[in-house]
There are 2 protein chains.
Amino acid sequence: MDIPPLARTFVLHFGEMGSRWGVNRTVGQIYALLFLSNRPLNAEDITGALGLSRSNISMGLKELESWRLVRLQHIPGDRREYFSTPEDVWEIVRILAEERRKREVDPTLSLLRSVLMETPDSPEERHAQERMRELHGLIELLTGWADDVQKLETERLVQLMKLGSRITRLLDMKDRLTLLPGGKGRRRKAANTEDSGE
Amino acid sequence: MDIPPLARTFVLHFGEMGSRWGVNRTVGQIYALLFLSNRPLNAEDITGALGLSRSNISMGLKELESWRLVRLQHIPGDRREYFSTPEDVWEIVRILAEERRKREVDPTLSLLRSVLMETPDSPEERHAQERMRELHGLIELLTGWADDVQKLETERLVQLMKLGSRITRLLDMKDRLTLLPGGKGRRRKAANTEDSGE
DNA sequence: CAGTTCGTTCAGTAATTACTGAAAACACAG
DNA sequence: CTGTGTTTTCAGTAATTACTGAACGAACTG
């Protein structure tokens with residue numbers, strides 16, 4: 001099976017991009033192919049399309065399964081295994097975020113935590129530990145936020161993204177409201193707070 | 001120069017992590033070392049600490065410079081080049097976001113755009129193009145948002161992150177306010193809107 | 001200008017990673 | 001159980017990437 005020209009560019013590009021990411025060219029290509037396909041593909045389809053060995057494809061698919069980026073399914077009356085990607089692109093984003101976190105962030109966090117328990121023996125070590133503490137705090141904040149965001153329905157998430165930095169207007173509004181307990185008519189003070197803020 | 005034990009774990013870990021990311025072990029280690037250091041280091045310091053060849057370090061530093069992750073500076077009365085990382089961890093996050101985007105996202109976007117201009121020749125191609133359109137839209141939304149967020153001062157960003165998914169409460173509030181032009185006292189209707197929303 | 005110190009380049013080599021083909025394992029059908 | 005179509009494993013090899021040492025070049029010093 002030949003890949004239509006329009007799709008080929010994309011597949012090859014994804015193959016190269018894969019390398020920048022933790023996966024090899026083959027894995028990138030397989031994923032791109034499945035992403036574009038209008039039906040699930042079996043290993044032979046993929047072998048034919050990409051011109052790579054059967055065993056290579058098998059390994060690639062395994063890796064993609066371990067990333068939960070492809071799904072295995074069966075077609076009635078056919079013994080072969082068919083693969084496809086999730087339809088919803090947001091679903092893909094969520095999965096990627098989770099997996100990358102599991103593989104890259106969590107190990108780092110746990111290493112940081114254990115090093116932060118130790119007692120520094122010198123000014124250098126003390127400074128190093130301080131830096132690690134900063135990094136730890138940063139990662140905690142980012143992942144905490146990511147956890148939170150993961151919980152939102154897609155609708156909401158899109159709404160938030162579109163709002164972008166205009167979200168700060170809402171924050172300003174909130175500040176104004178919450179800084180004035182009971183709303184006792186001290187509006188002017190609140191307006192000042194905003195000005196001095198920047 | 002020997003790396004204190006407390007820092008060594010971190011440096012080695014970063015070296016390994018580097019590989020998952022687009023950089024090699026050496027580059028990861030150099031970066032970690034500089035990140036932890038309480039003073040700028042020159043190439044020889046780094047060579048000594050990591051036990052790698054001078055030329056390797058030179059190449060690593062060049063790569064880190066191309067990522068804008070380290071800064072070159074000079075110390076009065078010393079001809080050698082000294083390197084350090086930005087102090088502020090948020091600054092680092094911003095730089096990383098920009099660079100990764102430049103290297104990974106932008107090329108993909110431009111490829112997608114050009115492929116989306118073409119006319120599909122078959123149902124398969126049409127479907128493939130449709131998928132690419134979805135992906136394109138997603139990336140545009142994400143990067144647009146990222147651009148927006150980049151503009152915020154760190155203070156604001158932290159505030160937003162801490163708020164996390166509670167941000168939706170603000171959105172609800174905003175909806176309630178904007179859906180009721182002039183605030184003509186139809187509060188009860190607004191409250192209902194929220195309930196049916198989830 | 002010769003000598004010194006530093007940084008860069010690059011060809012060669014080491015180390016790692018990717019890929020293949022053959023064999024094994026598996027799953028089912030008759 | 002045997003045969004067939006399928007996926008997996010793995011040892012060997014190819015390809016790629018990382019690293020080194022030696023040579024070179026640039027910038028300064030006396």
*Asks:* Check this for me: E44(B), atom CD, are more than 12 non-hydrogen atoms of other residues, nucleotides or ligands nearer than 6.0 Å?
*Replies:* no

*Asks:* Regarding E99(A) and K102(A), does a basic nitrogen lie under 4.0 Å from an acidic carboxylate oxygen?
*Replies:* yes

*Asks:* Once rounded to the nearest 0.5 Å, what's the spacing between atom CZ of R39(B) and atom CD1 of I75(B)?
*Replies:* 8.0 Å

*Asks:* Nearest whole Å is fine: how far is dG21(D) P from I57(B) CD1?
*Replies:* 12 Å

*Asks:* Here's a test of your reading of the structure: between M59(B) and S55(A), which maps to the more 5' nucleotide of DNA chain C?
*Replies:* M59(B)

*Asks:* Take atom CZ in R68(A); do more than 12 heavy atoms of anything else shown fall under 6.0 Å from it?
*Replies:* yes

*Asks:* Could you tell me whether E44(B) contacts a base, only the sugar-phosphate backbone, or nothing, with contacts defined as non-hydrogen atoms closer than 4.0 Å?
*Replies:* nothing

*Asks:* Count the heavy atoms of every other residue, nucleotide or ligand shown that sit under 6.0 Å from CZ of R169(A), and state whether that count exceeds 12.
*Replies:* no

*Asks:* When you check the phosphate oxygens OP1 and OP2 of dT8(D), does a side-chain N or O of S58(A) lie under 4.0 Å from one of them?
*Replies:* yes

*Asks:* Among residues 7-27 of chain B, which ones have heavy-atom contacts with DNA chain D below 4.0 Å?
*Replies:* N24(B), R25(B), T26(B)

*Asks:* Closest approach to the side chain of K62(A), judged atom by atom: which nucleotide of dT20(C), dT8(D), dG21(D) is it?
*Replies:* dT8(D)

*Asks:* Toward the 5' end of DNA chain D, which comes first, R54(B) or D78(A), by nearest nucleotide?
*Replies:* D78(A)

*Asks:* Are the charged groups of R101(B) and D147(B) less than 4.0 angstrom apart, N to O?
*Replies:* yes

*Asks:* Under 3.5 Å, which protein N or O atoms sit close to an N or O of nucleotides 25-27 of chain D? Give each pair with its distance.
*Replies:*
from, atom 1, to, atom 2, distance (Å)
dA27(D), N3, R79(B), NH2, 3.2

*Asks:* So, taking the atom named CD in E63(B) and the one named CG in N24(B), what distance separates them when rounded to the nearest 0.5 Å?
*Replies:* 6.5 Å

*Asks:* CD of E81(B) versus P of dG7(C): gap in Å, rounded?
*Replies:* 5 Å

*Asks:* Is there a donor and acceptor pair closer than 3.5 Å between the side chain of S53(A) and the base of dG21(C)?
*Replies:* no

*Asks:* Roughly, in whole Å, what's the span from CD in E63(B) to P in dC19(D)?
*Replies:* 11 Å

*Asks:* Can any side-chain N or O of E104(A) pair as donor or acceptor with the backbone N or O of M17(B) at less than 3.5 Å?
*Replies:* no

*Asks:* Within this structure, what is the CD-CH2 distance for the pair E153(A) and W90(A), rounded to the nearest 0.5 Å?
*Replies:* 13.0 Å

*Asks:* Assess whether atom CD of E87(A) is packed by more than 12 heavy atoms of other residues, nucleotides or ligands within 6.0 Å.
*Replies:* no

*Asks:* In Å, rounded to the nearest 0.5 Å, how long is the span from CG of L69(B) to CG of L61(B)?
*Replies:* 11.5 Å

*Asks:* Rounding to 10°, can you tell me the angle the first-five-pair axis of the helix from dC1(C)-dG30(D) to dG30(C)-dC1(D) makes with its last-five-pair axis?
*Replies:* 10°

